[in-house]
Amino acid sequence: MKRLLVVTLTVMALFATTVSADVIYKSADVKEKSKAGNVTYAYGVTEEMCKADYWTARTKTDANEVLMNADEIDAVNANALSSKGTYLNDLVGLPLTYNALKLRDSLAQNSEVPTDPCYIDGTQIDKNDYFGNLATAIEYTGYSDVERNNDYAIVTKTAEVRSWPTSDVVGYSANDTDDELVLVALNVNDPFVIRQKADVNGKTYYWGYCDTVTGWVSSDNVAICQDKDEWLEAWQVKTSAKDFVVVTQDKITLEPNIYGAYPSDIKLNFSSILKLVPESDIPSNIGERGTWNNYIVYVPTRTDSGKYERKVAMISEHFSVSVGFVPMTQANLLSLSFACLGNRYGWGGMLESMDCSMLTRNVYKCCGFVLPRNTNWQQAIPGTRTDLEGKTDEEKMEILETMPACTMLYFRGHTMLYLGTENGVGYVVSDLGTVVDVDQTKAQSIQGVTVTPLTVKRGNGTTWLSNLTGAVAFKIPVPVPETTVAPTEKPTVKPEPKLTPTSFKKVKAKKKSLKITWKKVSSITGYKLQIAKKKSFKKAKTYTVKKTTKTIKKLKRKKTYYLRIRTYKLVKSSNKDIYTYSDWSKVVKKKVK
């Protein structure tokens with residue numbers, strides 16, 4: 001895997017979910033290739049070897065045994081989150097406010113410029129001029145507040161996270177197939193925390209955090225939630241829940257509709273997660289269509305003003321999805337590993353495709369794991385790596401034959417999913433760029449997800465097997481956090497005491513604005529201030545404030561607004577962040593001048 005540009009990272013943990021062991025996710029029907037067809041394979045690979053069932057029948061242990069339950073998967077995620085070298089970002093735990101001016105200056109002045117010559121559309125560019133213009137755009141169009149609240153966003157269509165605010169494809173040679181500025185790609189309904197922006201050639205980009213990296217996304221691909229609570233409700237799922245679906249095939253495109261009554265033509269990539277609409281809220285018809293034989297899901301949409309709006313949509317029952325996370329068995333992992341066989345390679349997720357580490361991450365994401373972005377970071381998860389460096393080919397094969405199917409294998413720049421052995425030869429599935437086949441002497445460009453034996457070679461003539469340096473397997477139970485309650489015990493839950501509420505001191509009307517002050521409350525994290533045009537607070541806007549004063553600007557003249565406020569406290573734990581709220585204050589109404 002090629003090196004990533006260095007970016008500032010924090011850490012994060014998402015919550016994994018499984019379903020019971022006897023529930024196997026629904027797979028799409030697979031048609032056998034015609035014997036008269038012209039599909040080609042790597043040397044030593046047969047048509048049968050490109051089916052998951054072939055390898056399921058060859059596992060050393062029961063292929064349908066659950067390797068890890070929900071608590072054990074959560075423990076792996078927690079270990080990955082808290083360990084150095086994994087570089088996962090704790091989106092939920094990020095401070096609510098930050099110095100936007102300082103961040104803007106840092107991004108404009110310190111963002112790394114590629115060291116190699118750079119090309120756009122086959123023509124070499126002046127790097128200093130090109131990236132200097134982008135830095136200037138950041139400096140002059142970015143947020144400049146000294147204390148600014150995060151914006152919490154949801155991805156509405158596949159979004160590339162990039163090291164610079166541009167959509168230009170930048171390569172290191174005139175015919176480079178990789179966009180070197182792409183860091184990772186995000187699926188629909190993935191979370192993103194916004195902390196800066198830049199306007200470049202009439203287009204807006206946001207800089208912020210996803211779960212694995214920091215970087216820039218196009219504003220067209222994300223929608224901003226009204227507050228953190230709405231954001232969490234959009235994407236966060238809980239352990240063992242079955243109130244969401246996971247896409248377990250390569251892509252799903254939502255079907256079009258006549259009147260625009262519901263979202264359509266939205267692309268859901270492999271491992272995308274969408275929440276199910278509760279049965280009590282499912283309408284008999286959505287637009288002109290009935291809901292029979294469909295999963296009814298919430299999908300994120302972006303309004304004309306860039307705000308988040310959740311809408312109801314349908315996923316046809318014949319598509320391959322899992323209700324809740326897929327149980328972690330060898331049989332299921334093998335099926336997931338073949339879900340994208342033959343699809344093209346895309347560095348970092350460019351072209352709505354995957355690279356090698358993204359394939360492994362997405363396979364395990366379907367089971368509830370949150371894995372780091374690149375090959376080195378994935379191997380930093382404690383207690384999962386087996387060292388293969390310095391071992392002979394025979395010793396490596398002896399170790400591999402004890403590993404479960406879909407163990408992740410690594411050598412410098414590449415990761416693979418182990419399938420099993422046949423006649424003493426190990427086989428893997430991976431998303432690869434170039435390779436030297438067993439019966440060839442020159443490297444050929446494959447650029448796709450394919451099955452290969454470990455006897456294929458790198459450009460220097462050495463086999464993949466001889467280059468293996470490590471294997472990562474989640475086969476050893478990880479200690480369950482002490483807070484977990486055994487199934488036979490009844491948990492004792494101590495209710496959280498209610499927080500002390502606050503109340504308004506003064507609401508002063510000004511021209512198109514309101515200046516608001518309230519009483520200070522000690523031993524809290526901050527205040528949630530809401531303003532709305534209706535007393536019901538429908539479509540209210542929420543502000544998270546640390547101080548005891550706030551001026552709300554850009555209001556409508558002569559318009560009456562309703563205000564209320566409450567206190568909140570954040571308590572961090574290893575599993576989740578817990579928010580406690582006070583009662584709302586008395587509602588105050590005020591007419592703007």
Side-chain angles (χ1 to χ4, degrees), residues 11-25 61-83 86 88-92 187 190-191 211-212 235-248 270-273 275 321-337 357-373 377-385 403-408 417 471-487 573-577:
V11 282
M12 159 194 178
L14 296 176
F15 301 101
T17 307
T18 60
V19 292
S20 59
D22 57 338
V23 179
I24 305 299
Y25 72 93
T61 56
D62 182 2
N64 293 311
E65 178 186 359
V66 175
L67 301 177
M68 274 192 169
N69 61 32
D71 290 334
E72 291 166 337
I73 292 172
D74 274 348
V76 170
N77 290 338
N79 284 346
L81 165 69
S82 60
S83 299
T86 57
L88 291 171
N89 290 327
D90 182 8
L91 301 188
V92 178
N187 289 336
D190 280 349
D211 58 347
T212 55
W235 65 270
Q236 197 173 59
V237 294
K238 296 182 179 180
T239 304
S240 300
K242 297 182 183 179
D243 59 350
F244 62 93
V245 294
V246 184
V247 175
T248 53
F270 181 46
S271 80
S272 296
I273 299 172
K275 288 194 173 182
V321 302
S322 169
V323 177
F325 286 122
V326 178
M328 185 190 173
T329 68
Q330 292 179 90
N332 286 343
L333 287 170
L334 285 165
S335 292
L336 292 166
S337 299
S357 59
M358 190 172 180
L359 173 64
T360 59
R361 285 194 303 122
N362 285 348
V363 165
Y364 278 89
K365 181 181 176 182
C366 290
C367 296
F369 289 89
V370 182
L371 299 187
R373 163 66 181 99
W377 302 349
Q378 289 175 2
Q379 296 177 80
I381 301 174
T384 64
R385 186 180 188 273
M403 296 285 186
C406 292
T407 292
M408 291 174 276
L417 291 162
V472 168
F474 305 118
K475 63 173 184 174
I476 302 172
V478 177
V480 177
E482 293 180 1
T483 53
T484 301
V485 179
S573 70
S574 59
N575 291 330
K576 62 185 292 187
D577 290 343

Colleague: Roughly how far apart are F244 CZ and S322 OG, rounded to 0.5 Å?
Modeller: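 Going from CZ on F244 over to OG on S322, the span is 7.5 Å.
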Colleague: Once ring-ring contact (aromatic ring centres under 6.0 Å, His included) is applied, do any residues pair with Y364, and if so which ones, sequence neighbours excluded?
Modeller: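 ring-ring contact (aromatic ring centres under 6.0 Å, His included) check on Y364 returns F369, F474.
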Colleague: Determine the minimum heavy-atom distance between C366 and L336, stating which atoms define it.
Modeller: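 The pair with the smallest heavy-atom distance is CB-CD1, 3.8 Å.
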Colleague: Go through the steps for D211 and V370 under the test side chain to side chain contact (heavy atoms under 4.5 Å, CB included), then give the verdict.
Modeller: CA-CA 8 Å; D211 58 347; V370 182; 4.2 Å; yes
Colleague: When you measure from the side chain of K275 to the backbone N and O of V237, does any donor-acceptor pair fall under 3.5 Å?
Modeller: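 No; judged by distance alone, with no hydrogens or angles, the pair does not exist.
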Colleague: Working to the nearest 0.5 angstrom, can you tell me the gap between R361 CZ and T212 OG1?
Modeller: 5.0 Å
Colleague: Mind checking whether M408 and L417 have side chains closer than 4.5 Å, heavy atoms only?
Modeller: yes
Colleague: Does D190 offer a backbone N or O that forms a donor-acceptor pair with the side chain of N187 under 3.5 Å?
Modeller: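 Not a single qualifying donor-acceptor pair exists.
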Colleague: To the nearest 0.5 Å, what is the distance between CG on L67 and CD on E65?
Modeller: 6.5 Å
Colleague: Given V245 and I273, is the side chain to side chain contact (heavy atoms under 4.5 Å, CB included) satisfied, shown in steps?
Modeller: CA-CA 6 Å; V245 294; I273 299 172; over 6 Å; no
Colleague: Between S83 and T86, is there a donor-acceptor pair closer than 3.5 Å when you use the side chain of the first and the backbone of the second?
Modeller: no
Colleague: What are the two closest non-hydrogen atoms of G368 and F325, and how far apart are they?
Modeller: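 Residues G368 and F325, closest heavy atoms: N-CD2, 3.5 Å.
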Colleague: Below 4.5 Å, heavy atoms only, C-beta onward: do S272 and V246 meet side chain to side chain?
Modeller: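 No. Closest side-chain heavy atoms not under 4.5 Å.
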Colleague: Any donor and acceptor pair, going by atom type alone, linking the side chain of N332 with main-chain N or O of A63 inside 3.5 Å?
Modeller: no
Colleague: Check the side chains of Q330 and T61 for a donor-acceptor pair under 3.5 angstrom, ignoring hydrogens and angles.
Modeller: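 Note: T61 and Q330 side chains meet the donor-acceptor criterion.
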Colleague: Are any of the side-chain heavy atoms of V363 and L333 separated by less than 4.5 Å?
Modeller: yes
Colleague: Taking only residues two or more places apart in sequence, or in another chain, which ones meet T407 in a side chain to side chain donor-acceptor pair (under 3.5 Å)?
Modeller: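 Listed in chain order: nothing, the list is empty.
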Colleague: Please tell me if the side chains of V76 and M68 come closer than 4.5 Å, counting only heavy atoms from C-beta onward.
Modeller: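 Yes; the side chains approach each other to less than 4.5 Å.
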Colleague: Are any non-hydrogen side-chain atoms of I73 and N69 less than 4.5 angstrom apart?
Modeller: no
Colleague: Please report the interatomic distance OG1(T360) to CD(Q378), rounded to the nearest 0.5 Å.
Modeller: 4.0 Å
Colleague: Return the CG to OG1 distance between N362 and T248, rounded to the nearest 0.5 Å.
Modeller: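 Between N362 CG and T248 OG1, I get 12.0 Å after rounding to 0.5 Å.
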Colleague: About how many Å separate CZ of R385 and CD of Q379, when rounded to the nearest 0.5 Å?
Modeller: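 Rounded to the nearest 0.5 Å, the CD-CZ separation comes to 4.5 Å.
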